[in-house]
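Report on the following structure.
Just so we're clear, the structure is a prediction, and the values are computed from it rather than from any experiment.
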Amino acid sequence: MRAFPSPGGEGEGGGPDSRASYPLPAFRAGVKNMIDFSQDYFTLLGLPPRYRFDPDRLDLAYHALQREIHPDRYAAAGETERRLALQSSARVNEAYRALKDPVGRAQYLLSMRGIDALAERDTELPGRFLESELERREAVADAHAGRDVARLGALLEQVRSDAAALEGSLADQLDAEAWEDARSAVRELRFLSKVAGDIEAALAEVEG
């Protein structure tokens, strides 16, 4: 489950990344190369290689591809085609998951430029950010212990709001090729995503 939605952008309202500019990916079903495995995730799904894009286009492209390459369609085909259908379906699923997730999308964009945003050897976060999140985690723990559904809900909305604002900044940084700032923002966004997940789990436990 996604902890927070993607920010709006030019691709969501008829701007330069609109549907007319990026048609659905085309391919021929039933041939050995069902998809081009050398394509990056954005090209595979017919999207601009940007953080901001029309999320409906992602869903449409994903479902269009999966309708054509789903392994069930090739159940009676030869071994090679069945294997390629499985590999193609897995590749499309992998691309969709990465681009659907705000953290995964930014991480992938940076990786296309040879930057590992979430390297295990580089996990440092700004002190002010960590201080603020420690206070938030303490508030979550108190609300959880007190089974305060309203407070947990308010904290969750606050995290989602902070994450949405951070996504907007991250999109601008990526557009401006401010790679170091974007790397830091991706790590912060991943942290907020985990906090949101923890609060959702606490709410489910209290309400259940």
Side-chain angles (χ1 to χ4, degrees), residues 1-13 15 17 41-42 47-55 58 96-208:
M1 178 184 295
R2 292 180 56 214
F4 34 83
S6 296
E10 291 177 349
E12 293 181 320
D17 294 335
Y41 293 166
F42 291 94
L47 295 167
R50 296 184 58 199
Y51 192 75
R52 290 188 177 102
F53 56 69
D54 182 350
L58 174 61
Y96 179 74
R97 284 194 299 268
L99 300 189
K100 189 77 170 176
D101 174 55
V103 174
R105 188 188 323 143
Q107 185 181 5
Y108 186 71
L109 274 168
L110 288 170
S111 75
M112 290 172 69
R113 288 150 181 87
I115 301 168
D116 186 353
L118 302 177
E120 291 184 7
R121 66 183 182 280
D122 184 12
T123 59
E124 184 178 352
L125 288 164
R128 184 177 298 179
F129 175 82
L130 288 174
E131 210 173 297
S132 173
E133 291 310 310
L134 178 60
E135 292 176 1
R136 177 148 40 202
R137 282 193 176 278
E138 289 174 352
V140 171
D142 289 344
H144 190 193
R147 307 188 71 78
D148 189 338
V149 172
R151 178 60 176 153
L152 286 170
L155 287 165
L156 180 58
E157 288 306 308
Q158 185 183 70
V159 173
R160 287 173 170 168
S161 177
D162 290 348
L166 184 56
E167 285 185 48
S169 297
L170 176 57
D172 292 339
Q173 291 159 358
L174 289 166
D175 283 347
E177 300 186 358
W179 308 129
E180 286 304 312
D181 290 340
R183 284 179 73 245
S184 179
V186 171
R187 292 195 293 270
E188 291 181 22
L189 189 59
R190 181 176 66 165
F191 193 99
L192 290 180
S193 179
K194 290 180 178 178
V195 173
D198 290 344
I199 298 174
E200 288 175 341
L203 270 170
E205 190 274 323
V206 170
E207 292 178 331

Side-chain donor-acceptor pairs of residues 148-157 under 3.5 Å, sequence neighbours excluded:
| unit_1 | atom_1 | unit_2 | atom_2 | d |
| --- | --- | --- | --- | --- |
| D148 | OD1 | A150 | N | 3.3 |
| D148 | OD1 | R151 | N | 3.0 |
| E157 | OE2 | R160 | NH1 | 3.2 |

Original post:
Is there any ring pair (Phe, Tyr, Trp, His ring centres under 6.0 Å) pair reaching into residues 177-208, and which pairs are they, with sequence neighbours excluded?
Top reply: F129-F191
**OP:** Could I get the full list of side-chain contact (heavy atoms from CB on, under 4.5 Å) partners for D175, not counting sequence neighbours?
**Re:** R50, R52
**OP:** Quick one: list whatever passes side chain to side chain donor-acceptor pair (under 3.5 Å) with R136, sequence neighbours left out.
**Re:** E133, Q158, D162
Subject >> Any residue meeting salt bridge (Lys or Arg N to Asp or Glu O under 4.0 Å) with E180, in chain and number order, not counting sequence neighbours >> reply: R183
**OP:** Please state whether the rings of Y41 and Y108 are parallel, tilted or perpendicular, taking 30° and 60° as the class boundaries.
**Re:** parallel
Original post:
Just how far is it from atom OH of Y51 to atom CD of E167, taken to the nearest 0.5 Å?
Top reply: 4.0 Å
**OP:** Output all residues satisfying side-chain contact (heavy atoms from CB on, under 4.5 Å) with D198, sequence neighbours left out; order by chain, then residue number.
**Re:** R137
Subject >> Closest contact, heavy atoms only, F42 versus P48 >> reply: CD2-O, 3.1 Å
**OP:** Could you pull out all residues at least two apart from D181 that satisfy salt bridge (Lys or Arg N to Asp or Glu O under 4.0 Å)?
**Re:** none
**OP:** Give the minimum heavy-atom separation between L192 and V159, together with the two atoms involved.
**Re:** O-CG1, 3.5 Å
Original post:
Is there side-chain contact between E138 and L134, with at least one heavy-atom pair below 4.5 Å?
Top reply: yes
**OP:** Can you measure from CG (L118) to CG (L189) and round to the nearest 0.5 angstrom?
**Re:** 9.5 Å
**OP:** Could you list the residues that satisfy side chain to side chain donor-acceptor pair (under 3.5 Å) with Y96, not counting sequence neighbours?
**Re:** D59
**OP:** Supply the atom-to-atom distance R113 CZ to L109 CG, rounded to the nearest 0.5 angstrom.
**Re:** 6.0 Å
Subject >> Interatomic spacing from CD in E188 to CG in L130 - rounded to 0.5 Å >> reply: 8.5 Å
Original post:
Any side-chain heavy atom of R187 sitting closer than 4.5 Å to one from Q107?
Top reply: no
Original post:
Going from CG on L174 to OG on S169, what distance comes out if it is rounded to the nearest 0.5 angstrom?
Top reply: 11.0 Å
**OP:** To the nearest 0.5 Å, tell me how far R105 CZ sits from L110 CG.
**Re:** 12.5 Å
